Amino acid sequence: MREAEINRNTLETQIAVRVRLDGSGHSALNTGVPFLDHMLDQIARHGLVDLEITAKGDLHIDAHHTVEDVGIALGTAFAQAVGDKAGIRRYGHAYVPLDEALSRVVVDLSGRPGLEFHVPFTRARVGEFDVDLVREFFQGFVNHAKVTLHIDNLRGVNAHHQAETVFKAFGRALRMAIEHDPRLGGAVPSTKGSL
């Protein structure tokens, strides 16, 4: 089973993550940030990965540290769970619509962190959630999962829809990238021989 458990404890946050890549889309989420829980559920359901995440953070300040550190912890767990990447497709992409919104996410499990994030949110907050934190989540994930990630919201009027299409597309792109390619056998999909 490709799975991992991570505990990340700092003076700002205490986070526990368990991820199973070959899952069914089950999630158990309690980060203290309801909108983040909703978005993480999209990753699980559309990526068909099982996610268990709990977090206690300094929410009396704001949600920044919690959201960023959840991204860091999830990226770390993902990197451990995916292992040496032998036999996987490596690349994944998805377009996901939700009503008027449409997002595209492309991922390369390259071993090199890189984020291109182009989401022109139409408002600054969704409820109590600061939409700037979406980028912080993905930056934390990318840096610790060591993946290259391109995120583009192609259109959208409703900021909730914009965010949700991004997370759904991310889940589906990851699902494609981590799938086993039977034609590879146990080979690593790189001319270098390792990723």
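All figures in this text were calculated on a predicted structure; none of them were measured in a lab.
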- [ ] For residues Phe167 and Phe138, establish whether the separation of their ring centroids is below 6.0 Å.
- [x] yes

Task: Under 3.5 Å donor-acceptor, Asp152 side chain and Leu154 backbone - done: no

Open item on the list: Are the side chains of Ile53 and Val70 in contact, using a 4.5 Å heavy-atom criterion?
Closed with: yes

Open item on the list: Among Thr13, Asp37, Asp69, exactly one meets side chain to side chain donor-acceptor pair (under 3.5 Å) together with Thr31. Which residue is that?
Closed with: Asp37

Open item on the list: Can you tell me if Arg155 has over 12 outside heavy atoms packed within less than 6.0 Å of its CZ?
Closed with: no

Task: Heavy-atom side-chain proximity of Ile151 to Ser103 below 4.5 angstrom - done: no

- [ ] Would you please classify the geometry between the Phe117 ring and the Phe121 ring as parallel, tilted or perpendicular, with 30° and 60° separating the classes?
- [x] tilted

Open item on the list: For the backbone of Gln162 and the side chain of Thr165, can you confirm whether one donor and one acceptor N or O come within less than 3.5 Å of each other?
Closed with: yes

Open item on the list: Within the supplied structure, the quantity of interest is the number of heavy atoms (other residues, nucleotides, ligands) at a distance under 6.0 Å from Glu128 CD; does it exceed 12?
Closed with: no

Task: Arg89 side chain to Tyr91 backbone, donor-acceptor under 3.5 Å - done: no

- [ ] Report, as yes or no, whether the 6.0 Å neighbourhood of atom CG on Leu11 holds more than 12 heavy atoms from other residues, nucleotides or ligands.
- [x] no

Open item on the list: Quick check on His93: does its NE2 atom have over 12 non-hydrogen neighbours (other residues, nucleotides or ligands) under 6.0 Å away?
Closed with: no

Open item on the list: Just checking Arg45: does its CZ atom have more than 12 heavy atoms from other residues, nucleotides or ligands closer to it than 6.0 angstrom?
Closed with: no

Open item on the list: Does the plane of the ring in His160 sit parallel, tilted or perpendicular to the ring in Phe35? Use 30° and 60° as the thresholds.
Closed with: perpendicular

